[in-house]
Amino acid sequence: MPGSIYDELQERGFIAQVTHEAEVRDYLSQPGATFYIGFDPTADSLHVGHFVQMMAMAHLQRAGHRPIALIGGGTGMIGDPSDRTEMRKIMSLETIRHNVTKFESQMGMLLDFTDGRALMVDNAEWLAPLNYIEFIREIGSQFSVNRMLAAEAYKQRLERGLTFLEFNYMLLQAYDFLELYRRYDCQLQIGGDDQWSNIIAGADLIRRKERGQAWGMTLTLLTNSAGEKMGKTVGGAVWLDPKKFKPYDFYQYWRNIDDADVIRCLKLLTFLPLAEIREYEHLEGEKLNPVKELLAFELTKTIHGESIAQEVNLTAKAIFSGAGAADRMPEFTMPSAARQAPLLELLTETGIIPSRSEGRRLIAQGGLYINNQPVESVDYIISDSDLVDNAVIVRRGKKKYYRLFFTEG
RNA sequence: GGGGGAAUACCCAAGUGGCCAAAGGGGGCAGACUGUAAAUCUGUUGUCGCAGACUUCGGUGGUUCGAAUCCACCUUCCCCCA
């Protein structure tokens with residue numbers, strides 16, 4: 001059937017692997033299917049990596065299916081060993097609980113949780129009360145260590161060391177699937193591509209314990225054309241929380257994306273119709289700039305809201321295509337007397353520059369500007385003639401603008 | 001429990017008594033080129049008023065005129081044997 005949600009996902013590039021394509025396709029062909037994706041509460045915000053998965057959920061929900069966002073309040077206490085070189089640090093219950101609440105509100109951005117159209121459950125609910133003996137008798141007996149060891153996820157860790165705690169992760173995740181199958185008739189688990197073995201384990205478990213049908217599907221990890229994970233910056237991940245990652249920086253992150261990645265990101269991260277995206281596919285070079293803007297705008301809009309998206313869009317426009325935009329940049333206010341001090345001092349105080357040495361280097365290399373005039377001297381002091389409306393505009397490098405405002409008195 | 005190895009700046013990684021603020025690479029920052037991209041090239045990358053000085057090489061104490069480098073103890077991590 002043309003225009004099926006499965007095809008949509010596939011064409012958008014979400015699907016990495018599927019256990020049983022025909023069955024899954026069939027399962028999703030009629031509204032009302034239930035599926036789940038798990039999220040481990042390892043941080044107090046979701047990031048763009050999670051966002052891809054949320055998008056997949058949103059697409060499916062729009063097609064009439066019921067997503068379950070499974071929060072790993074229980075498994076989060078263990079840490080998934082796959083694709084990791086080190087053991088995750090064990091988090092306190094309190095931290096986990098805090099993170100879970102954050103996740104909940106962020107999920108609401110894309111998913112409709114009203115009237116049970118989507119569910120959010122915490123696996124601590126059934127994992128925490130588990131009895132060890134019962135668990136290994138009922139569930140542990142179904143797993144072959146030989147097979148587990150063969151899983152790609154453990155290969156690397158076998159060489160570097162793997163604790164028994166982590167080794168259990170797969171069982172717990174499989175048990176989650178079983179539990180969701182029992183409780184909500186959930187027959188499909190979706191996850192990141194690194195979750196493949198864990199997902200299969202769950203589907204197998206359901207088959208054995210319940211003789212039920214269950215399938216798995218993994219989503220492509222968001223990588224750039226060089227195959228590196230996207231959504232990482234020097235400062236860390238690209239968070240969805242505006243407090244952890246400023247909306248302007250967020251916008252700029254996508255605005256400055258590599259040419260080769262624009263289309264893929266449009267497909268994965270926005271709801272723009274495929275037909276429209278196809279129009280952009282043949283564009284090259286400079287012509288891609290408006291497309292990048294579109295991507296940045298759309299994405300900022302879904303995450304931070306339309307008005308903020310408008311605002312940062314204007315800010316960017318003002319900074320890059322005009323000289324002005326004095327009212328749209330980070331601002332620091334200080335008493336007028338502070339102007340006696342060398343500029344460098346003010347900049348380190350405000351944190352615009354981390355240290356004087358760095359500031360000196362900046363100036364020496366011609367990377368610091370006052371009102372778009374390069375600062376020539378290391379001990380430059382702001383003069384009256386620099387002031388425009390009691391403020392000066394400091395530019396660092398090509399793109400970073402700040403406004404220093406001096407109050408009277 | 002026994003034996004061996006490792007810990008260096010943001011990361012990887014040289015350095016094994018003075019020539020070490022510490023090679024090299026990555027990353028970052030800035031400049032050139034551009035399209036607010038990529039690639040490339042150049043410079044720069046501990047702090048402090050540049051020169052110079054000061055604090056850095058897991059921690060503490062010691063040897064020495066002088067230690068990242070030698071000694072002792074401690075902490076952490078890895079490997080082998082049990």
Side-chain angles (χ1 to χ4, degrees), chain A residues 84-90 156-163 166 223-238 246-266 280-297 299-300 309 312-325 328-330 340-349 351-370 372-381 394-402:
Chain A
R84 280 171 194 283
T85 48
E86 280 168 44
M87 189 171 141
R88 185 183 290 164
K89 124 179 166 253
I90 296 178
Q156 201 191 356
R157 293 302 304 273
L158 276 178
E159 287 172 18
R160 298 174 153 250
L162 174 71
T163 62
E166 296 171 286
T223 53
N224 62 21
S225 49
E228 298 154 335
K229 263 190 200 174
M230 288 188 67
K232 298 248 170 180
T233 66
V234 211
V238 176
K246 295 261 175 294
Y248 174 77
D249 295 330
F250 184 85
Y251 179 92
Q252 283 297 308
Y253 179 87
W254 300 105
R255 172 59 186 82
N256 284 324
I257 195 172
D258 194 297
D259 285 7
D261 301 324
V262 192
I263 298 298
R264 184 168 57 251
C265 286
L266 277 178
Y280 306 135
E281 240 163 318
H282 64 277
L283 296 177
E284 282 181 5
E286 218 173 323
K287 297 213 173 86
L288 277 172
N289 278 338
V291 185
K292 292 185 184 179
E293 270 169 48
L294 181 66
L295 169 69
F297 181 79
L299 198 41
T300 309
V312 293
N313 177 262
L314 285 176
T315 305
K317 281 243 166 59
I319 287 176
F320 289 102
S321 48
R328 295 187 180 280
M329 52 187 75
Q340 314 282 343
L343 175 64
L344 261 190
E345 197 139 324
L346 303 184
L347 296 185
T348 46
E349 236 164 70
I352 293 174
I353 286 170
S355 74
R356 286 150 170 274
S357 301
E358 192 137 326
R360 210 170 287 118
R361 266 175 240 135
L362 242 194
I363 292 176
Q365 304 192 102
L368 187 69
Y369 308 77
I370 289 287
N372 281 321
Q373 292 296 315
V375 175
E376 317 246 319
S377 155
V378 167
D379 33 42
Y380 187 80
I381 294 176
V394 176
R395 172 153 72 97
R396 190 190 154 177
K398 244 173 273 190
K399 304 180 193 172
K400 289 171 218 116
Y401 288 78
Y402 308 89

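Convention: sequence-line order gives letters A, B, ...; per-chain numbering from 1. Worth knowing before you read on, the calculation uses all heavy atoms, side chains too, and leaves out hydrogens, waters and symmetry mates.
Looking at heavy-atom distances under 4.0 Å, A/Ile257 makes contact with sugar-phosphate atoms alone, never a base. Base engagement by A/Ser357 is indicated by at least one non-hydrogen atom pair under 4.0 Å involving a base atom. Among the atoms of the strands shown, none is found under 4.0 Å from any heavy atom of A/Lys287. Counting non-hydrogen atoms under 4.0 angstrom, A/Gly285 reaches a base of the nucleic acid.
Picking from B/U47, B/A38, B/U36 the nucleotide with the shortest atom distance to the side chain of A/Asp258 gives B/A38. Of all nucleotides listed (B/U47, B/U36, B/U34), B/U34 comes nearest to the side chain of A/Lys398. Of the candidate nucleotides B/U36, B/C29, B/C48, B/U36 has the atom nearest to the side chain of A/Asn256. For A/Arg360, the side-chain atoms get nearest to B/G49 when compared with the rest of B/G49, B/U34, B/A37. When distances run from any side-chain atom of A/Leu362 to the nucleotides B/G35, B/U36, B/A30, the shortest one goes to B/A30. Taking every side-chain heavy atom of A/Gln365 into account, B/G43 is the closest of B/G43, B/U47, B/G49. Picking from B/U44, B/G31, B/C50 the nucleotide with the shortest atom distance to the side chain of A/Tyr369 gives B/G31.
Rounding to whole angstrom units, CZ of residue A/Phe320 and P of B/U36 are separated by 8 Å. Spacing between atom NZ of A/Lys399 and atom P of B/G35 amounts to 14 Å, rounded to whole angstrom units. Look at CD on A/Gln252: it is 17 Å from P on B/G35, rounded to the nearest Å. Taking atom CD1 on A/Ile352 and atom C1' on B/C29, their separation rounds to 16 Å, with Å as the unit. Atom P of nucleotide B/A30 and atom CZ of A/Arg395 are separated by 11 Å, given to the nearest angstrom. One can place CG of A/Asn313 at 15 Å from P of B/U36, the figure rounded to the nearest angstrom.
In this model, the phosphate group of B/U36 is not approached by any side-chain N or O of A/Lys400 to a distance below 4.0 Å at OP1 or OP2. Dashed line: the shortest gap from a side-chain N or O of A/Arg361 to OP1 or OP2 of B/U47 is under 4.0 Å.
Nucleotide B/G35 is matched to nothing when pairs are restricted to Watson-Crick or G-U wobble geometry with both distances under 3.5 angstrom. Figure legend. B/G1 is base-paired to B/C81; pairs are counted as Watson-Crick or G-U wobble with both atom distances under 3.5 Å.
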Test side-chain contact (heavy atoms from CB on, under 4.5 Å) applied to A/Leu344 and A/Asp379, step by step: CA-CA 7 Å; A/Leu344 261 190; A/Asp379 33 42; over 6 Å; no
